[in-house]
Amino acid sequence: MPANAHRHSPRSPRWARLLRFALERWLQRGLGHRLAIWAGMIVVLSLVGGLTAWAATSEFPHAGSAIWWAFLRLSDPGYLGDDQGAILRTLSTGLTVAGYVLFLGGLVAVMTQWLVGTMRLLESGLTPISMQGHVVILGWTNRTPEIIARLVRSGERLEHFLERYDVRRLAIVVLAEEVDAELRLELSQYLGRDYRARQIFLRSGNALEPEDLARLDITRAAAVIVPAADAALGGPGMSDTRVVKALLTLRRVLAGVARPPRVVAEVLDFERVPIVEATLSRPIEVVSSDDALGRLISQSVRHERLSRVLEMLVARSGAQSVFVRDCPELAGTHPVAWNLGALPNAVALGAVRSAGNRRVAYLNPGPEFRLEATDSVVFLAPDYAACYPAPDARIPDLPPPSNARGSRIARREHKVLVLGFGSKLGALLIEFGECVGERFHVTIVSRASIETRDVWLDAFALPAERILLEHVIGDTTRPKVLRSLELERFDRIVFLPSMSAPTNEAADARTLMGYVVMRSILRELAAPPPVTLELIDPESERLVEGEDVMVLVSPHVSSHLLAQVTLRPELNSLYALLLSAEGSEVDVRTPADFEHPTTYDELVRRALDQGEIVLGLLDSDREREPLRPIDRAAPLELAPTDRLIVLTRDA
């Protein structure tokens with residue numbers, strides 16, 4: 001039995017237990033009650049010591065002076081040498097020692113405990129927010145730091161967002177389960193020079209509690225972001241459930257608000273997008289990260305260099321970015337016709353039009369399309385200022401294409417090896433099924449049983465004429481299993497993280513282990529197939545730097561989408577259409593396809609005659625941007641080996 005067990009033993013006297021219980025309740029009431037206990041002990045010791053000295057000696061004229069003498073000995077040990085006589089010196093010594101304990105020990109302990117508690121309370125972020133036009137992020141996941149980084153680094157797009165809500169600077173409020181100094185340090189290290197303590201506020205709370213949401217002044221916020229998580233919250237099912245519950249709580253808090261904030265939510269399972277959209281009675285932008293990743297992986301299978309271009313456009317900043325700008329005064333014109341000399345430093349891609357509560361993107365629309373006053377024009381440009389025709393430009397009508405050719409992806413038969421049975425697999429296979437005229441032979445290797453896979457895949461209704469599935473049961477980290485697959489027969493190898501892993505780090509650890517084993521086998525082959533890795537922990541990307549492998553970090557992609565859609569909601573439908581195999585499609589061309597033009601204007605006209613928009617040059621140098629702008633002022637000198645990136649016609 002422990003030495004202090006008797007202190008909590010029920011065998012102690014009842015009066016002692018009652019006294020301890022009363023003392024415990026009194027101390028838990030706060031600083032004032034603790035100071036009252038301390039002051040009471042000072043008074044008692046002063047009374048006992050003073051009355052004893054008054055009764056035992058003749059040094060004091062009355063009891064009051066003796067009590068004051070005792071209090072001075074308690075509070076200041078410097079009086080100890082003034083006393084005469086054995087009795088006074090004994091009492092004085094005892095009172096002085098007790099004074100050390102009460103004044104230097106008890107008072108300091110009480111005040112220190114109060115100060116530490118107060119600092120911890122302030123650091124935890126429980127005080128209510130009072131501001132307007134801020135951005136609220138509900139939940140701390142592996143996306144949250146990157147979302148903040150994307151928001152504060154958005155440049156001109158952020159400036160226009162602030163102007164729209166009439167606020168001077170961006171303020172971001174993050175609601176996390178528990179806020180402490182470690183979390184603040186993690187965020188400051190992630191943002192580096194972009195971290196501003198006056199700009200980013202962390203608050204403790206639960207997104208499912210209306211009281212915690214009310215502390216964020218959420219009814220006056222400009223936007224609310226509800227990010228998902230990967231393996232950290234139990235996989236797609238648990239993550240999407242949390243998002244739906246947070247939106248239901250948000251609906252309750254925002255009920256009756258005249259100007260509610262813009263809501264942007266992320267789900268993992270793309271099939272749940274309609275469910276999440278119906279959660280709020282007001283418009284909401286829903287981003288499916290699994291859908292976006294599945295489309296990027298699909299593009300890497302069909303054409304790796306094109307997938308890098310798409311990744312730059314939708315997932316990271318480059319020399320050129322996608323912008324959306326309102327141009328009501330140019331209603332009635334065709335946006336693609338602006339490319340015929342009206343845009344010195346930008347390319348018009350199409351428009352985004354409101355249709356009820358939804359926004360529909362039209363990329364490279366047909367000649368009959370005309371801008372309406374409420375439409376937003378889509379540009380590919382180096383900055384926002386370039387997204388407008390020159391003042392003296394004449395905008396012609398867009399002639400109908402006379403030599404339209406459509407998409408011409410070189411390979412029509414794709415043999416794909418998928419290692420892992422993750423949540424992105426469904427979106428990837430559906431995207432394969434939408435590639436008309438192409439056929440995919442997909443071999444799936446996982447430890448999951450065939451029955452489990454069949455039950456899960458039957459829900460997608462995949463077209464058998466385009467997708468042929470082959471299942472292999474095996475451990476993707478075992479060399480024997482990988483060697484038996486005859487890797488040289490595949491066109492692309494794709495690693496997908498398993499959603500059954502308990503943490504993001506564990507999921508990536510298994511993916512990286514499989515890749516290391518795979519890499520040692522591929523080195524033995526004369527023509528090894530290219531590899532695509534999906535990682536869900538941003539820190540894991542550094543482990544494969546310099547490797548000849550395409551890496552897609554899902555938090556980076558989803559964070560960029562969430563941040564940009566928050567600043568400009570029109571980008572949501574635009575990104576979805578840009579990544580999809582349906583409608584307009586990013587493709588690659590040779591100079592011979594346009595009869596070797598010698599000027600930029602000639603190139604643009606010949607491309608439009610084929611129903612295509614030239615975006616730029618495909619850069620084969622991995623150290624540079626995959627999409628390189630064309631110098632419009634210099635003579636156009638295209639080598640036969642050069643490749644042009646185009647946007648095909650939206651059917």
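Throughout, numbering of the chain's residues begins at 1 and tracks the sequence.
Distance CG/Leu482 to NZ/Lys480: 12.5 Å, rounded to 0.5 Å. For the atom pair OG of Ser298 and CD of Glu438, the computed distance is 8.0 Å after rounding to the nearest 0.5 Å. To the nearest 0.5 Å, atoms OG1 (Thr476) and CZ (Phe421) are separated by 13.5 Å. Here NE2 of His596 is found 11.0 Å from CG of Asp642. Values are rounded to the nearest 0.5 Å.
For Arg492 and Thr532, the side-chain atoms include at least one donor-acceptor pair closer than 3.5 Å. Side-chain contact of Gln564 with Arg157: a donor-acceptor pair under 3.5 Å is present, judged by distance alone. Using modelled atom types, one finds a donor on one side chain and an acceptor on the other under 3.5 Å when comparing Asp593 with Thr590. Residues Thr599 and Asp601 bring no donor and acceptor atom of their side chains to less than 3.5 Å of each other. Looking only at atom types and distance, the side chain of Ser289 has a donor-acceptor partner in the side chain of Glu266 under 3.5 Å away.
The salt bridge (Lys or Arg N to Asp or Glu O under 4.0 Å) analysis of residues 360-372, with sequence neighbours excluded, yields the pairs Arg353-Glu372. Residue pairs meeting the salt bridge (Lys or Arg N to Asp or Glu O under 4.0 Å) criterion with at least one member in residues 552-561: none, sequence neighbours excluded.
Looking at residues two or more places apart in sequence or on another chain, you find a salt bridge (charged side-chain N to carboxylate O under 4.0 Å, His left out) between Arg483 and Glu524. Applying the ring pair (Phe, Tyr, Trp, His ring centres under 6.0 Å) criterion to Phe490, with sequence neighbours excluded, gives no partner residue. For Arg272, the salt bridge (charged side-chain N to carboxylate O under 4.0 Å, His left out) criterion is met by Asp240, Asp269, not counting sequence neighbours. Contacts of Phe440 classified as ring pair (Phe, Tyr, Trp, His ring centres under 6.0 Å), with partners at least two apart in sequence or in another chain: His414, Phe432.
Nearest approach of Arg568 to Val324, heavy atoms of both residues: CZ-O, 3.6 Å. Taking all atoms of both residues into account, the shortest heavy-atom contact from Glu570 to Ser376 is OE2-OG, 3.8 Å. Here the shortest heavy-atom pairing between Leu247 and Ala265 reads CD1-CB, 4.1 Å.
Under a 4.0 Å N-O distance rule, the pair Lys415/Glu470 does not qualify as a salt bridge. In summary, Arg519 and Glu547 engage in a salt bridge, as defined by a charged side-chain N under 4.0 Å from a carboxylate O.
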Does the pair Leu618 and Leu644 meet the rule for a side chain to side chain contact (heavy atoms under 4.5 Å, CB included), with working shown? CA-CA 6 Å; Leu618 181 63; Leu644 296 158; over 6 Å; no
For side chain to side chain contact (heavy atoms under 4.5 Å, CB included), just list the numbers for Arg359 and Leu574, CA-CA rounded to whole Å, side-chain angles, deciding distance to a tenth of an Å, and then say yes or no. CA-CA 9 Å; Arg359 296 177 178 88; Leu574 172 63; over 6 Å; no
What verdict does the salt bridge (charged side-chain N to carboxylate O under 4.0 Å, His left out) test give for Arg295 and Asp290, after you've listed the backbone C-alpha separation in whole Å, the side-chain angles of each residue and the deciding distance to 0.1 Å? CA-CA 8 Å; Arg295 289 171 173 175; Asp290 278 10; over 6 Å; no
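Using cut-offs of 30° and 60° for the angle between ring planes, the Phe460 and Phe270 rings count as parallel.
Judged by distance alone, the side chain of Arg150 and the main-chain N or O of Ser559 form no donor-acceptor pair under 3.5 Å.
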